[in-house]
Each structure stands twice: as C-alpha cells, then as structure tokens.
Amino acid sequence: MSDCTVVCEGLRKVFAGADGRPFDAVHDLTFSLKRGTISALVGPDGAGKTTLMRMVSGLLKPDGGSLEVLGTDVAADPQAVQNRISYMPQRFGLYEDLSVQENLDLYADLHGVPQEVRAERFRRMLEMTDMARFTARAAGNLSGGMKQKLGLACTLVRVPDLLLLDEPSVGVDPLSRRDLWEIIEQLIASDGLSVLVSTAYMDEAGRCDDVLVMDHGRLLAQDRPQAITARAAGLTYRVTPEPGTPARDLQARLIDAPERVVDAVPRGGAVRFIRQSDCPADGMADLLQGRPVEPRGEELEDAFMLLLRQHDAPKPNAPRDAAIPEIRLAAKEDAAGEAVIHVRDLVRRFGDFTAVANTSFDVRRGEIFGLLGPNGAGKTTTFRMLCGLLPATSGTLEVAGVNLRRARSEARRKIGYVAQKFSLYANLTVRENLEFFGGAYGLRGTVLKQRVHAILDQFGLDGAAASGALPHGYKQRLAMAAGLVHAPEILFLDEPTSGIDPLARRAFWRTITSLSQSGVTVIVTTHFMEEAEYCDRIAIQDAGRMLALGTPRQVREQAGGESVDDMNQAFIAIVEQGRVKGRSAA
Amino acid sequence: MSDARNTSADDSGFTTRLVALVRKETRQMLRDRSNLMVGLLLPVVLILLFGYGLSFDVRDAPVALVIQDRSETVSELVSGLRGSPYLDPVDVQTMEEASRMLVDGKVDAIVQIPGDFASRQVKGGAQVQLVLNGVDSTTAQTLEAYVQGAIATAMARQADRGGGMATGTVTLMTRTWFNEEGNSRWYLVPGLVVLIMTLVGAFLSSLLIAREWERGTLEALFVTPVRPLELVLAKLAPYIIIGLIDLAMCIIAAVVLFAVPIRGSLVAIVLVSFLYLLVSLLVGLLISGVTRNQFAASQVALLASFMPALMLSGFVFDLRNIPLAVRIVAEILPATHFMGVIKTLFLAGTDWGLVARNSAILLGYIVVLTFLTRRTLRKRLG
Amino acid sequence: MDRESGRALPPMLASVLGWLGEVAFLFRKEVLALFKDPANRIILFAPAFIQTLLFGYGAILDLQHVPYAVLDQSRGQAASELIARLDGTGVFTRQATLVSANQIAPLIDRQKVLMAVTIPADFDRKLASGGNGEVQVVFDGRNSTTAGAAASYVSAVVRALNASRSGGQGVAVVRRAWFNPNLESRWQIMPAMIATLSMLQTMLLAALSVAREREQGTFDQLLVTPMTPLQILVGKALPSIVVGLLQSTIVMLIVLLWFRIPMSGSPFLLYFGLLCFNIAAVGIGMTLSAFALNMQQAMLYSFVLIMPLTLLSGLLTPIRNMPLVLQYATYVNPLRFGVAIVRRVYLEGAGLGEIAINFVPLLAVAAVTLPLSAWLFRHRLS
C-alpha cells in the first residue's frame, strides 16, 4: 500500500456558471498527500477548495482525471472511503435542536465507536473543547466559536484514517481558533492523524507540513511553508507613517499602486508592504514620501499574496474615486471630532444572563471604531441595541443625538447597517437590491438612479447579476454597497470580513479608509485582529464587559508593552487577563 | 484486507446506526411543538369537527308555509309537513314576505298552497308551489324529496278514505344496509382515518428531508458510514408512532363518542391503516427529497396527496358521480384503495378478498416508493 | 414622485406621497422576490387552476349514475312497468338481473351495485286485486348521502307510477329553485371556491413573508431602514392580497367560462367583497408570521388553522347544522363571510345593502390582526 492518503491526477470538475456556461471549478489538478502529515489548502474565494474537499469525501463525482483516497477510487466506491474518513464541512450542520451530548452520541453511533472507547474519547473531546459544562445545552444556543468546536468534536469522535477540515476557523475568534488548533495538533501527535485543512488564515497554514495554494481551480504551488515563504525573500519592507496620521492612509496610497506594490497592510502602527519584483527598490520614493523604510523578514502571507498577484491580472483594488466625492458631500466635515455615538452604562440582560454589562464609550465623527471580542462577548448585542433592533435593559445610548429605538424614521436615514451574515434578497439582482434599499431610505427617481449607478461602479459590481449566485466576497461587497447607497453618516458593519479571502479583505478595507477620509463614521466588529490596525480606536469586550478601550497602540501597551507587536497576541493576552480578574473578583 | 474488516464492521453497525438515527429524529420531532400540533392536535380537532360539527343531514330546516286556501283538505295536507323532524315550518301570510325570507336565508324553502287548491282538486290539476333556495343544492334536493313525500302520503290517505280505487298502489319498503339511519357521521368518521393518515404522513414528512437540505445538516452526515436506506427508515419511525396514535384516537372516538360500528376485523383495520400510513409517509419523504425546499414540498404534498385524498378518494363525493377521466386518476391514488377498504371494514364487515387485494396494492406502492426515496438520498451533492 | 416635484407640493401631500413611495418600493421588492423564482410562479398559480378543475369535476353530490340490481319474482306487467320506469330515468343503470335473493348481498358488499330492487312474486296479483304491491329496496349505506339521494329518486319513480295508475289525479308539486334552477351541486360549490381556494395560499404567503426574512436574517436589515412598522406591514400585506385576488380571478374565470355558471351580481361588488375577505385572511397570516420563529412553524401553524376554517365555513355543510358553540366560533372565521358574500353576489345577485352585514366581522378581524402583527414586528425579536 502506498504511503499517500490522497493521490489525484488530472482531476477536473465542471459546474454551470452564473451565466449558464460551464466552467472548470477544479482544473487538471495533480498532487498527492503523504500519510501522517497535515496539509493546508489556501486560496481566494472560488479557488475550488470546497469542491476539491467534496470530491475527496465522495460527495461530488469528478468529471475527469483520477482520484484515489486511502487506496480506493472514490468515484467507484464512495461509501468505502466514507467509512474511513471524517469530514467537517464549512457549514457543519449541527442539529441545533439537539443538545451537545446528543450531537456527539449521534456521530459516535454513526461511526460505530465502541462503548468502551467512547467514554474516554468524549471526556477528552469535551475537555479539549472546554465544553464539559455545556453538554446539556442545545447546540443552537451555542456561540459561533463553540459551534465550530462542537462540529470538530463530532467529526473527531473516532480516529479517522484521513481528516478533512473545510475552513474550520471561519467566524471563530482568536482564542477559539487557538483552542481548535491545539486540539488538532494534539490529535496529530497522539493518534498520528493525516489531515487536509483549508483555511483563510496564513498563520494556520504556516503551522502545517505542506501547503497547497490554489486559484481559479488550479494548483499554483505545493511545498513546505518555509519553501513557499522564501519566494517573497528580499521584497518585504516596513515603513513608518508620519506621526499623527493613521497608518491606513499611507497603506491606502501604497496599495493603490499595484504595478509597484504587491500588497500593503498596517501592522503595529507601521505599514508592511511587498515590492513588485520588477520594480527597483528605489522606484517608489513618490509613494513613500520620505518616510523611513526598512526591510523586514518575509512571511507566508507575503508569499501567498505574491503568488496570487503573479497569476492574476491586478484587479482594481480600490474603489473608483468618482463615487467618493458624493459620500464626502453627504457627511458634514465642519463638525469633525464631535461625538456622534454616545453610550453610557449600557446593560442588556436576557433572563439571568447578562449579555452586555455596564458598557460606556463614545465614537467621534469620522472615526473608525473597532469592537472586538471572542464569540459570545456581547458585540452583536451591543450593535443591535445601537441600531435600535433591541431595547436596552438600562443605560443611555444615542446615535446622532437620538436613541434609534424610539427615534422617528428620519434619524434612521443617517445610518447604514450591514448585518453579520449576508442578508440581502438572494433571488433579486444586484441592482434590484440596491434600488430597494435606496428607495427604502427615501431616494427617488434620478437621484436614486445616479446613486445606484455610482455605487455599482464604485464596488465593481454587475447590476444584472443574481445576488444569491455571487461569490462570497462579492456578496459581502453588495451588502456594503446596500448599506452605503443612501450615503449614511454612520455605518455599522457586523463582521463584514468573516469568511472572505485576504484579497477581498484588502479591497474592503481600502473602501473603509476612503469613507473615513470623506467623513463617514464607521463602527465595525471583526475576528481578524490584524484588521484592528485599520481602526482609530478599538474596544475589547468579553462576557459583556469592556476590557480595553483606546487606540491600537494603547491596547497593545495595555496587553504587555511595546513587545507585543501582534494584535492577535495582544487580544488573547487582554481577554485572558480579564478572565483571570473576573474569576478572582467572583 | 483492511477493507474486509471495515465491511464486516459496517454490517453489524446497521442496528446501532438505525437506533441512533431514530433517536435523533424522535427528539427533533418532540422538540418542535409545531410538529406535534399538526401530528396530534389537528387530528383531535378534525375528529371533533367531523363528529360533531359537520353534518350533511337536514334537520329542522326552516320552511315558510304560505297557505292561501283555508279548507279542511289543505290543513290535512300540510299536517304531514308540520310533524316532520326534517322541517320546521313557519306560517307566513304573503308570498312577498316569504320571498324576502328566502332571499335573506331565514328559510330554505317556501311551500305555497294557492287559494283555488281545494276547488281545483275536485276538477283536477291542483298544484302546490315549492320554491327552493338553490344556492345550497344539497339541502334543496333533500327538502324537495321530503315535501313531495309528505304531500303524496297525505293525498294517498285522502284517496283511501274516499273509497279506495281498484287500481291498487305500489308501496316502497326500503332498507339501508350498513347505515340503517342514514347518518352521515357513519361514513365521515371512517373516512377521516384516511384524511388523518394522509395529513400526518404526507404533510409532516414532506418537510423532513427538505429541512435538512435547507439547514445544511446533510453534508456532514453523508460522510459517515450511514446508508441512504437507514436515513429513510429512521425518518419514518417516529411518524409511524404518531400515525398509530392518531389511528387509535380515531377508532376510539368512532366507537365511544360517535357510536360508529366496527363490523369488520380490528386487526384488518390496523393492518391496512399501517400500510397506508407507510405509503403516505413515503410519498411525503419522496416529495421532500425531490424538492429540497420546505415551502415547495408542503405545497406539492398538499396538492398531490392531501387534496386528492379529500376530493377523489370517495371520502365525501361518491366516485360514481365523477366523469370517467377523473375516475381513472382516482383509481391510481393509494387513498382511494384505502378509503374503499376502510369504509367496508368499519360499516360492512371483513371482506378478506378486498383486504388482500387492496393491501397488495398498498404494498406495491411501499416497495416502489422506498426505492425512489432511497434514490433521492443518494449521497451526492449538487 | 421624485424629490424635485415633491417640493412644489403642499407639505401634507408630499409626506403622504413619500410614505406611499417607500411602501411602493417594499411592494415592488416583495413582488420581485416572489415571482423571480420560477418554482414560485408555478406554485402560486398552478394549484388554483388544477384544484378548480378537480373540484369542478370531483366535488359532485348530484346522483348521476346508480348501478342497481333487480330481482323480479313477479314477472307481471306492473313489475315490468316499474323496472322500465327505473331504467328510463337515466340515473339508474341495471347492472344485474337476479334470480335469487342470495345474490343481493355479494353484489352490495363488493360495491358492484348501490341498490337492489326486489319485486315479490305476489306483486302483480296484489295490485290487480286493489291491494298494496310492496317493492323492497336495499341500499348500500356506506355513503349515506348517496343512498339517501337514490332513495328519493326511487320514491319519485314509484309516486309517478302510482299517479299514472290512478289516472293522473294526484297533486302536482311545482318546483321552482331560485338561483340554481337545476339544483346542481356544482353551482353550490364552485362559486364558493372563488374565495376558498385563494385563502389557502394567501394566508400561507402572508405567514411566510416575515418568517422567511427572519430565518434568512434580512428582517433586521429592513427594520433599520426609515420605514415604520405600518409601512412594512402594508408593503408586505399587499402582495399577498394581490396574489389572492389573482387566484380568485383564475378560479372565477374557470367557473364562469369553463363550467358556465352564470354570474348574477356585480363584479365590482364581488371584488370589493374579495378584497375585504383577503385583507382579513392576510391579517391572520401576518399575525402568525410575527409569532412564528421560523418558516416551518409559520407553515404548520397556518395549516393547523386553515383546516378548521375551511370546514367551518358553510362551504359543504350548512352552519345551521353545527352545534351552537361552533356556530358562534364561525363569527371570527373570515371564510364564512367570504363564502357568504361570494355566493350571494355571484349566484343571487345581491346588492351591497343586502350583504353589508357580512363585512362587519371581516373588518373586525382585520382591525385586530393587522395592528397586532405590526406591533409584534418590533417587539418579538430575541
């Protein structure tokens, strides 16, 4: 028997596209995965990662080529493969009306885990997932991160010959993400698991033995992470912005020059960027404007961005400038600095459960304000109260001078809201969605037409496309576009970048930067801690309490001084300190 | 060789997996109250409505009497109408007033005896006017028969007294088998068993697979040793129990509350009901697996199983009155075969030939539907 | 409608137009979302079409075809005349001519014949001697309505025979049936379907309208717009009402043009009645929608409600036949008044004055359910 778990040659899968024409979701894929290793599958949305996973698990039949899993031809005998593998789909369908224990029992029974092994296995899974307390709770009442952990636990009720994980960390906060990976790594160590995992996080891919980079159904590279990282050697730099200006302004300038800059992100108060290999090192003086530049060590994410850019024609990253002046007109520039959101002693209880406890903060006009916290920390509850969707138990809150729950509809015209999951009308076209929301916000006739036209242009959307059939990143853009069509003064974004790839996230934040420059106030929640670097100020919530509030630098300092350069670690540190404090206080 | 080990392990796993899935389906069913409302509460409501609320029988129908001839003969003529349990006559002075009452729905019919009735009777050609509100044609037809009958009886009595003629009269001796009193409840309540089995079966189960597709719970389930047939069997199990509870309620209500006789074998009743329950559950699952959408599934289930069971199975409307083309459709429906046998078993007695024939038909449906439903749960996406 | 022209209008009018404009956007979105789905287009109109035909041909209570058996032991002239008269009605079809009384039971048990006529050996002899010649008729009572109707046909035949034998001196009952001259049950049932068939889906559609947005997470997005709950209510209720009126129109056209049941009243009044009826039905649906947590519940709850509403509407059995408690309960049933309005306008040609009272309960139901659902939009969130 070979020492490979998955062997495929010329693998192909054809789907019907949105326009009715067939396209290759997976095109001529040839690779193999070694037994006892953990392999990462990375690539932007629509790269074909999920299609590949589904073919490996026997849920889709390949249209060409060969695919052997654990020595069996999957297409010929999917059941034989399904008896030996475990698969955690992107959306693990937990039975929400069953309890945690009942979900575990179901999968243990289906996989035929013997009773004598089971007790020990459950104990270990519950301990690792820290869910022993919640076994009686209905799965539907768990937070997003807990659901993912339970999905993983259900997948791992037995030791499979091959474990397939499709984006297990989407929508999961850094703490839960760390826990998830600890579980996977422990199992690899103890049970010698073979794993194929797809992920949008490069730090996760960096932990694997083997990385496969896919785009448009093709395999761009397969190698050890270190080898892939090395491809960006000598091209990576770090530049410090002018004091007093947000790093994102400099970052925006850099990323708007794709012919010279592959990628740029704000990090730790500075901006990291990758130079195009064909651009001379001194060829970007006009962009950097004399700010101090230093080379820095390359990372996997740098190499990933490089690979994607090499294979893709540079797409318009930034919103077209044409639409920006209009938004600028809508927002009042004269009153910059004045607080437009005002929250004092906000409390929300559900029965005995306090979702939000004594929260106070202000958001000033034109600010980008980030609300961070683990799953179930109370971010979404706070958001819903601010938008008037949920009454507060006590405390005062004002948005643009009024409480939106009691406000007349006029006040609601000033805000835009983009809900957590894609929530526009899937069977309407992009244009119909935008026209509806524009109309609902009081835009009429030619004004509405112009706004919809401008916003379609700005976000690079096709008005005639069916909204439900858009790729995930484009759905997210559409949701944003719908929130902005009436040129609001204040924009609420609830996890807008959850589940979208790094490229789309860059484009998204570029838009936010433009909006902020034109005076729009933005309040945003996210699970990508590095995105906190785009914010002027952030607040960290856990278990309903406010643990930190300040600029990203202040929060990093609170977490443990200048040494913490990484927002991810800063976040974990603050939440853990907060939990220790909370426990000793109790 | 490791394959061999796996295979043997999987065959022995069949029972474990089935039990686990049945437990899961049962819990899900019990935890959503809306399921139980349709599965248990609605049948109770239907039983009570059909048993107490609905009646096709005409009793105490208000009839306006406009008597313009005050003679002895006439009062004798109408005495038959006054004594009838079916009619509730009201004396009205003028036709105008009676007409207004008819239009307003205060009376269902007008019986008018013209002023020259007695005189014309002697000469021949006496007439009684009967005006009916045809909007409710069923009631109208029944009233016409009663009025005709009552007048004919009265006339016959007068003729007898007037020195019987030598021609002799034909008299009718009627007997209605199986339902001596002609009580409509007796045929509605057994038919209700069909309706409720269809309701629980097709309507509730039509949501089951569609719901899993809509909530995305099947993908992870598919990549386990589970077999499509196990999924089908597990989904049937809890609803079979609900269906059997409903059957028991129907039978008990029929006997205890409504005094409907059970003349056939109870075992046969339970057997055919069970077979039909399986058929209708499988129809629902099949629809569910094909549509993969709860709204569409429920509409198709209503249209393809519930409405035909109500309209075309011979439940209320006698199949003999239906045009041939529609009757052929009716003959294809499992509900029609079940309806025929269940009414016979309740009211007529056990006709084992009929039971065997219709059970065989239902079994045929079960085999075909199980095969088709299993196919819709083939473990493939897209 | 655009802002420029709005400025020139008086402020009141401008704000009313703005209000309506926002409702119009929601209405347009709802209609688009509904009809873009090709499955929905079929599901919303095909059932109305199919069910109208199904009911038109299947829901027939008139006896048209009675298979019967005859056992003539008399073989006399009077007996032959009776059999000839039975065969001559066109309703009775002689299925078997028997030679022994033992043959009767199997034929009836197997439902080969609906009735068996036995003419005793002494029939002709008794009649000739001026006595009473007794005819025995046995009916299959498994469907007592059919049996009852057949019995009255046989009585009519016998009455006619007697009348002719006695020289035609009987009393003629002259029947006139208003609004339905031939007393066809199709006339009783089909116009009522104009209201009934549309209710099933309009109510469900309304019930799903909010539940669907809640399940898919779009409802929050709608609530943060400047639209008031009242605007959302109107925007969401209107499409269901329009669909209901369209379905009613389909049914009405089939009833009018295919089944050729003439309409006596004003179409405008009919539509006005249907509009009020639909508003009440949609009000109930919207309230269910605001209560339900997901689409499954919305669907099952509305189904649990629709069944009794249909049965207690007076569609098939007169309200007067129901127990008093249920009669009171029907006052909150929009379908009862919907059916009443449609029947009275369509068949009887009633004017607004005559049916005005039926609008009171409809508007009362709407006045309670619609504000309740608007309130629930905002207050049932978590």
Side-chain angles (χ1 to χ4, degrees), chain A residues 1 13 15-16 25 50-51 53-61 70-72 75 77-99 102-103 105-115 138-140 151 154-155 157-158 160-164 166, chain B residues 1-36 208-209 211-231 234-235 238 293 295 377-382:
Chain A
M1 222 183 220
K13 181 73 200 174
F15 285 135
T50 298
T51 308
M53 288 275 190
R54 287 178 169 172
M55 283 194 284
V56 172
S57 61
L59 291 174
L60 285 177
K61 206 175 174 136
L70 302 170
T72 308
D77 190 359
Q79 189 63 60
V81 171
Q82 287 163 358
N83 288 346
R84 297 172 61 194
I85 65 170
S86 285
Y87 168 54
M88 180 176 172
Q90 201 171 76
R91 193 175 145 207
F92 189 93
L94 290 167
Y95 290 100
E96 305 217 328
D97 33 13
L98 299 186
S99 72
E102 286 162 357
N103 271 292
D105 284 339
L106 174 66
Y107 278 92
D109 285 332
L110 294 183
H111 282 293
V113 181
Q115 288 297 337
C154 287
T155 313
V157 285
R158 57 111 184 232
D161 294 338
L162 171 66
L163 174 62
L164 301 174
D166 193 1
Chain B
M1 90 207 150
S2 80
D3 283 353
R5 189 204 64 204
N6 269 319
T7 319
S8 67
D10 295 326
D11 290 344
S12 68
F14 173 80
T15 331
T16 323
R17 290 194 299 263
L18 189 60
V19 170
L21 287 170
V22 168
R23 201 183 295 137
K24 167 217 149 209
E25 295 291 338
T26 311
R27 282 181 175 137
Q28 285 190 300
M29 180 188 73
L30 292 177
R31 279 176 201 173
D32 194 327
R33 230 169 290 156
S34 58
N35 278 325
L36 296 181
L208 288 176
I209 299 176
R211 184 160 61 213
E212 296 227 24
W213 278 112
E214 284 187 344
R215 293 183 184 169
T217 46
L218 281 179
E219 196 174 344
L221 204 67
F222 277 173
V223 187
T224 66
V226 113
R227 307 294 195 276
L229 183 65
E230 295 161 9
L231 290 173
K235 289 196 177 295
N293 167 317
F295 174 63
L377 277 168
R378 231 178 13 191
K379 296 172 34 167
R380 291 263 187 233
L381 300 175

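We name chains A, B, ... by the order of the sequence lines, and we start the count at 1 in each one. Fair warning: this is a prediction, and the values are worked out from it, not measured in the lab. Below, all heavy atoms of this structure are taken into account, side chains as well, without hydrogens, waters or symmetry copies.
Ranked by heavy-atom pairs under 4.5 Å with chain B, the first of A:Pro89, A:Gly58, A:Ala138 is A:Pro89. Contact count against chain A (heavy-atom pairs under 4.5 Å) is highest for B:Leu21 among B:Asp32, B:Val19, B:Leu21, B:Leu18.
When every heavy atom of B:Thr224 is checked against every heavy atom of A:Gln79, the shortest pair comes out as O-NE2, 3.3 Å. Closest non-hydrogen pair, A:Leu110 versus B:Val226, comes out as CD2-CG2, 3.5 Å.
The existence of a salt bridge linking B:Arg215 and A:Glu96 is excluded, since no basic side-chain nitrogen approaches an acidic carboxylate oxygen closer than 4.0 Å. A salt bridge links A:Asp109 with B:Arg23: at least one charged nitrogen is closer than 4.0 Å to a carboxylate oxygen. Of the charged side-chain nitrogens involved, at least one lies within less than 4.0 Å of a carboxylate oxygen, so that A:Glu102 and B:Arg31 count as a salt-bridged pair.
With a threshold of 4.5 angstrom between heavy atoms, A:Leu164 does not approach chain B through any atom at all.
Atoms CG and CZ, from A:Leu59 and B:Arg378 in turn, are 12.5 Å apart once rounded to the nearest 0.5 Å. Between the CD atom in B:Glu25 and the CG atom in A:Leu106 there is a gap of 9.0 Å [rounded to 0.5 Å]. Note that the CG atom of B:Leu221 and the OH atom of A:Tyr87 stand 13.0 Å from one another [nearest 0.5 Å].
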(message) Let's go through B:Arg27 and A:Asp97 carefully: what are the C-alpha distance in whole Å and the side-chain angles of both, what is the deciding distance for side-chain contact (heavy atoms from CB on, under 4.5 Å) to 0.1 Å, and is it a yes or a no?
(response) CA-CA 8 Å; B:Arg27 282 181 175 137; A:Asp97 33 13; over 6 Å; no
(message) Could you go through A:Tyr95 and B:Glu212, starting from their C-alpha distance and side-chain angles, then the distance that decides it, and tell me whether this counts as side chain to side chain donor-acceptor pair (under 3.5 Å)?
(response) CA-CA 9 Å; A:Tyr95 290 100; B:Glu212 296 227 24; 2.6 Å; yes
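Residues B:Gln28 and A:Leu98 meet the side-chain proximity criterion, which asks for heavy atoms closer than 4.5 Å. Side-chain contact between B:Pro225 and A:His111 is present, with heavy atoms from C-beta onward closer than 4.5 Å.
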